[in-house]
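Structure record follows, encoded as structure tokens.
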Amino acid sequence: MTESGGSTWRSIVSLPVLLFVMAGFPPICCGTQNYGGKPFRDIAKEVASYTDVANKIIDLAVYGKAQNRSYEKLAAFTDTVGNRVSGSQNLELAIKYIYSVLRLDGLENVHLEPVKVPFWVRGEESAQMVLPRNHTLAILGLGSSIGTPKGGVEAEVLVVESFEELKRRSAEAKGKIVLYNQPFVSYGETVQYRAFGATEAAKLGAVASLIRSITPFSINSPHTGWQDYQDGVPKIPTACVTVEDAEMMARMARRGEKIVIRLFVGARNLPDTNSFNTVAEITGREHPEQVVLISGHLDSWDVGQGAMDDGGGAVISWEALSLLRDLGLRPRRTLRAVLWTSEEQGGVGAAQYFQRHKVNISKFDLVMESDMGTFRPLGIQFSGSQQARTIMREVMKLLQPINATALEEHGEGTDINPWMEAGVPGASLHTEDKKYFWFHHSNGDTMSVQDPVEMNLCAAVWATVAYVVADLEEMLPR
Ligand SMILES: *[C@@H]1O[C@H](CO)[C@@H](O)[C@H](O)[C@H]1NC(C)=O
Ligand SMILES: *[C@@H]1O[C@H](CO)[C@@H](O)[C@H](O)[C@H]1NC(C)=O
Ligand SMILES: *[C@@H]1O[C@H](CO)[C@@H](O)[C@H](O)[C@H]1NC(C)=O
Ligand SMILES: *[C@@H]1O[C@H](CO)[C@@H](O)[C@H](O)[C@H]1NC(C)=O
Ligand SMILES: [Zn+2]
């Protein structure tokens, strides 16, 4: 998950819902409205007729011969390839690997769609506190950061808790390294410091900026992520420090101690390079041109293994197709797995996919994304019309045997966002993700975060929702 998965677009998506409510439309609940010419009660019956199919999918994924297959696929992939940041050879290796295994798995229409992606290289980096004591800080440069001049920068640190405090103390920022020791509120809110911290500090003449890692929990782990420079504002190097070091420097500053850091950032921004979105399908038997899209992203940060973010989401999207293939289930519409590239730079691969395919937007039934971890599934988050929501509520009842029936608001995901903004119903996997940001974008994002049983359940949810929606007589109403 990247920065743009935050609150800004959420408010955009929820606007139509808000207007709907404000306009005083009656709540929809009962068996009176029409859907594709059928009264709702018939739709509930139609969905309920998938109970046996759903149970077969669940049995295969959770208890049958596909048990632990998502986990094993993900382990083989991430142990073999490791992490895979946009532009890197590892990402291209990852795409080749997945392309080959999708073909070996016998899926249909397996192909790559070329896109241009950012190419940022970390290089060597370090941060040494020289005052008030000698201490080596654990840091990670932030994606798209420029490097420091040769020899690094050595400067006094100005510690602030917020953009408001920075504004109040703007006269003090010139020539300093600004450190944001912002508390973790939520990812959507707190990530603003990662995205815009360097720019806000640069406007006041700072020479570099540091952020406290965006996480509610830390064992001295730095958490990287993309950041945005702003046109017309000088670019300054920027990195994250750990929660522990940020809090320590805040205590030092409160005691009036002078803090000096020597910072080296060896990062470089190279010209955009070639990459690919990876696609596999089960072609629809009746309406092959109509699509249910199911997705996760193959790229990751250049730390850890990218197992949780988002190897798990990519692999369950693949596994959903494998499960249906094993059961000989071919839905009315095409089920298309898209494994995105360069999500972490702001949904770059997905944005180009949207531009290329939006000509067929009326044929996109539902877009699905898993990018908040594959922990124990609770259900899905959904964005769409009230009528579509009413149908999805019935679909989720099929997941009663594994207790994953929740239908929440706000389908989310950087990569499906363009479709949802254009009015296509969207769903994201909702799991027990309380620990997600503990590992996010850090060296802690490894296979050890993953649990085979939880992944089985995720794959069952993903396959069931995708299959049933792709097989209903009518597309979801917009
Ligand atoms: C799947 O993983 C669980 C948890 O590690 C284990 O108990 C079970 O035996 C595994 N099943 C198979 C078929 O390997
Ligand atoms: C500070 O620590 C670094 C790294 O351990 C070391 O290279 C350097 O000599 C130390 N400087 C002082 C002044 O102790
Ligand atoms: C749009 O849909 C048609 C019909 O399925 C297909 O032939 C065409 O390739 C699609 N175009 C794009 C850009 O996806
Ligand atoms: C679902 O919940 C029931 C009742 O709490 C429990 O017995 C069952 O084991 C749960 N199933 C799964 C797959 O978690
Ligand atoms: Zn992600």
Side-chain angles (χ1 to χ4, degrees), residues 58-76 79 108-115 124-139 151-152 154 220 241 245 248 258-264 276-295 307 312 315-316 319 322-323 326 331-338 340 349-365 367 374-377 402 416 418-419 422 424 446-460 470 475:
I58 291 167
D59 281 345
L60 177 60
V62 180
Y63 309 107
K65 77 172 170 56
Q67 189 182 68
N68 301 358
R69 203 162 65 184
S70 296
Y71 178 92
E72 295 302 340
K73 284 174 170 179
L74 181 60
D79 291 345
E108 295 161 10
N109 199 13
V110 176
H111 67 278
L112 301 176
E113 300 193 12
V115 292
E124 288 194 15
E125 52 192 20
S126 68
Q128 190 71 24
M129 180 187 284
V130 296
L131 279 178
R133 73 172 165 102
N134 201 13
H135 169 62
T136 303
L137 303 163
I139 66 162
E154 183 174 314
N220 209 43
V241 299
D245 281 336
M248 180 179 71
K258 179 173 171 175
I259 305 165
V260 173
I261 287 177
R262 192 178 301 147
L263 178 70
F264 293 88
F276 304 90
N277 293 317
T278 307
V279 183
E281 292 183 347
I282 294 179
T283 310
R285 67 173 195 277
E286 226 169 75
H287 304 294
E289 76 290 355
Q290 297 177 1
V291 175
V292 168
L293 185 151
I294 181 171
S295 71
V315 164
I316 63 161
E319 175 66 5
S322 306
L323 290 167
D326 287 357
R332 265 182 240 275
R333 293 176 200 83
T334 295
L335 204 48
R336 178 181 298 165
V338 183
W340 312 107
Q352 289 170 58
Y353 183 90
F354 177 73
Q355 287 310 320
R356 181 164 169 190
H357 293 280
K358 68 182 179 189
V359 57
N360 283 340
I361 193 162
S362 66
K363 306 281 191 250
F364 280 71
D365 187 6
V367 290
T374 44
F375 302 100
R376 179 170 293 274
I402 53 170
I416 56 172
W419 298 94
V424 177
T446 68
M447 274 313 289
S448 297
V449 179
Q450 301 292 322
D451 178 83
V453 174
E454 292 178 347
M455 291 192 76
N456 294 336
L457 298 168
C458 287
M475 283 177 55

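Both ligands and their constituent atoms are indexed starting at 1 by order of listing.
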Report task. Give a yes-or-no answer on whether the side chains of Q352 and H357 include a donor-acceptor pair shorter than 3.5 Å. Result -> no
Requested in this report: State the atoms of ligand 2, each with its element, that fall below the 4.0 Å cut-off from a heavy-atom position in Q128.
Outcome: 1 (C), 2 (O), 3 (C), 4 (C)
Requested in this report: Report yes if some heavy atom in the side chain of Y353 is under 4.5 Å from a heavy atom in the side chain of E113; otherwise report no.
Outcome: yes
Query raised in the report: Sequence neighbours excluded, which residues qualify as ring-ring contact (aromatic ring centres under 6.0 Å, His included) partners of F354?
Result: W419
Query raised in the report: Hey, which residues fall under 4.0 Å of ligand 3 on heavy atoms?
Result: E289, R356, H357, V359, N360
Query - A307 versus L74, closest heavy-atom pair with distance - result: O-CD2, 3.7 Å
Query raised in the report: Can you name the closest pair of heavy atoms from I261 and A127 and give their distance?
Result: CG2-CB, 4.3 Å
Query raised in the report: With atoms numbered from 1 as shown, which atoms in ligand 1 lie under 4.0 angstrom from a non-hydrogen atom of N68?
Result: 1 (C), 2 (O), 3 (C), 8 (C), 10 (C), 11 (N), 12 (C), 14 (O)
Report task. With heavy atoms of Q67 as the reference, note each atom of ligand 1 found under 4.0 Å away. Result -> 10 (C), 11 (N), 12 (C), 13 (C)
Query raised in the report: In this structure, which one of Q450, M455, E454 forms a side-chain contact (heavy atoms from CB on, under 4.5 Å) with S70?
Result: M455
Query raised in the report: Are K258 and P132 close enough that some pair of their side-chain heavy atoms sits under 4.5 Å apart?
Result: no
